[in-house]
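In what follows, a single structure is set out as structure tokens and then discussed.
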There are 2 protein chains.
Amino acid sequence: MSSWKNWRHVTKLDPDKVLHSEAVEEIASSGTDALILSGTLDVTPEKLSSLFDMVKDVGLPLAVEPAEPSGARFDGFDYVFVPSVFNSQKTEFITGLHADWIENYEIDWSKVVAEAYVVLNPSSSVAKLTNAKCDLTLEAAASYAVFAEKYFSMPVFYVEYSGTFGDSEIVKACSEVLSSTKLFYGGGIDCGEKAAMMSEFADTIVVGNAVYEKGASVLKETVDAVI
Amino acid sequence: MSSWKNWRHVTKLDPDKVLHSEAVEEIASSGTDALILSGTLDVTPEKLSSLFDMVKDVGLPLAVEPAEPSGARFDGFDYVFVPSVFNSQKTEFITGLHADWIENYEIDWSKVVAEAYVVLNPSSSVAKLTNAKCDLTLEAAASYAVFAEKYFSMPVFYVEYSGTFGDSEIVKACSEVLSSTKLFYGGGIDCGEKAAMMSEFADTIVVGNAVYEKGASVLKETVDAVI
């Protein structure tokens, strides 16, 4: 299995949404590099298990990105992507839930990938939940990127526009200040053109909602457009 | 100059307090490994400069630990220790001030040492300023330590009892879960016995207030007691 660091295109699937079994085959053959199972709201262990069972044999690296401590799961997953929302205005989403998680759960650190998020769409569930300060200038967003890399040695800096297509200038500004930290972009990628725009700057683009809204064919189209 | 990682005993001097020139000689000959200039309140650039001028020629490694962005200073200092208060209940002390600092100041990252603090004395200025959640169990404190090391790769985990002598069981619990991250302990060390108790578990002990309250002779006594 190739390391997550080589992923250019990732498909994010939400355990709280309905995925048809025909879509699974299309996902498998799309050329996407990996699957991340992730949702902000109403992700139960049962829903996660059900989605895991549908996709576990597609032959792609599989990660889970928990929204809260009980959502982390190691068995069967190659990676657990753990976010810290750097522009949250609630401390629990930066350091609080993490300390609870460590205190109360068994963790296989060899599978954990730490993600520094900035959440930039104020209408998104994740922005509301975390009370994120979304009105960041280019310079402020880039400062969080530098902070994540230089101060915290985070492997991933994630620009998240969840639900809407974001400002590529912000992604560009972040890409210009990062060196070893990988830049992920997610939000609103639903066609090849948008995939190309963001993959010019991001190391890894994430396609999520479009799989449900436009069908899994969006994956091959966006994979092919990655620059 | 030996790396900060080898420091066992550090003297913390507050730019907002009066240091007599006779004390400077005693500090120089005490055997302490380094000086950190650091205060929580009312540290102006002028006060910092004046303390710097008093101690710059004592032949010890010199660090500054800013309480806010304008307090960082690189010229003349070997290190800038930059805290993030992991148990703060105000996001600015975890990620906010840092992003502002990066956006608005020139930073020499080769001098920056990132510190994950837990602040545990609720009566201290730093606990009040940062609204720190101080009532941590052994397990919760140790969880922050694991979080700092495994998730954020922090070089320093700092157990801060500023102004009072802390619970050595907490320091012990943190020391047991850390491997590469260095454990600093500060608070209430004013005699050899207390220095010995905490240096059994901490990689580095910090003596601060006692220099002002008992005189600089406390340094030699606490240096000699380091285990």
Side-chain angles (χ1 to χ4, degrees), chain A residues 69 80-118 130-133 136-156 173 177 179-181, chain B residues 69 80-118 130-133 136-156 173 177 179-181:
Chain A
V80 178
F81 278 74
V82 178
S84 173
V85 181
F86 275 28
N87 64 330
S88 171
Q89 295 177 97
K90 292 182 179 175
T91 57
E92 66 202 86
F93 295 103
I94 311 176
T95 58
L97 289 172
H98 309 74
D100 289 348
W101 178 50
I102 292 165
E103 188 174 343
N104 297 305
Y105 294 84
E106 283 286 317
I107 297 174
D108 175 356
W109 286 100
S110 70
K111 293 188 175 183
V112 172
V113 180
E115 302 172 294
Y117 261 71
V118 286
T130 62
N131 190 18
K133 185 177 172 350
L136 300 185
T137 61
L138 295 185
E139 293 75 19
S143 298
Y144 278 111
V146 170
F147 183 43
E149 175 167 308
K150 298 285 194 188
Y151 186 85
F152 284 128
S153 310
M154 302 288 275
V156 173
V177 295
S179 48
S180 57
T181 295
Chain B
V80 177
F81 278 73
V82 179
S84 173
V85 181
F86 275 28
N87 65 329
S88 171
Q89 294 176 98
K90 293 183 179 173
T91 57
E92 66 201 84
F93 295 104
I94 312 176
T95 58
L97 289 173
H98 309 74
D100 289 347
W101 178 50
I102 292 165
E103 188 176 342
N104 297 305
Y105 294 85
E106 283 285 318
I107 297 173
D108 175 356
W109 285 100
S110 71
K111 292 188 176 184
V112 172
V113 179
E115 303 172 293
Y117 261 72
V118 287
T130 62
N131 191 18
K133 186 176 171 348
L136 300 185
T137 61
L138 294 185
E139 294 75 19
S143 297
Y144 278 110
V146 170
F147 183 42
E149 175 165 309
K150 298 285 193 188
Y151 186 85
F152 284 127
S153 309
M154 302 288 275
V156 173
V177 296
S179 47
S180 57
T181 296

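A, B, ... follow the sequence lines: proteins, then strands. Residue 1 opens every chain.
Close approach to chain B, defined as a heavy atom under 4.5 Å from one of its heavy atoms, is seen in A:Phe86, A:Ser88, A:Gln89, A:Lys90, A:Thr91, A:Ile94 of residues 86-94 of chain A, taken by number. Listed by sequence position, B:Ile102, B:Glu103, B:Trp109 are the residues of residues 101-110 of chain B in contact with chain A, using a 4.5 angstrom heavy-atom cutoff.
Most heavy-atom pairs under 4.5 Å with chain B: of the set A:Thr137, A:Val112, A:Val82, this distinction falls to A:Val82. Of the listed residues (A:Asp100, A:Thr95, A:Val113, A:Val146), the one with the most heavy-atom contacts under 4.5 Å to chain B is A:Thr95.
Side chain of A:His98 to backbone of A:Pro83: a donor-acceptor contact under 3.5 angstrom is found.
Between B:Phe152 and B:Ser84, the closest side-chain pair of non-hydrogen atoms is not below 4.5 Å. Between A:Tyr144 and A:Leu136, some side-chain heavy-atom pair lies under the 4.5 Å cut-off.
Residue A:Ala142 comes nearest to A:Ala173 through the heavy atom pair CB-O, 4.0 Å, listed as atom of the first residue, atom of the second, then distance. Of all the heavy atoms in B:Ala148 and B:Ala116, the pair that sits closest is CB-CB, 3.6 Å. Across all their heavy atoms, A:Glu149 and A:Ser179 have their closest contact at OE2-OG, 2.6 Å.
Note that OG1 of B:Thr181 is 12.5 Å distant from CZ of B:Phe147, once rounded to the nearest 0.5 Å.
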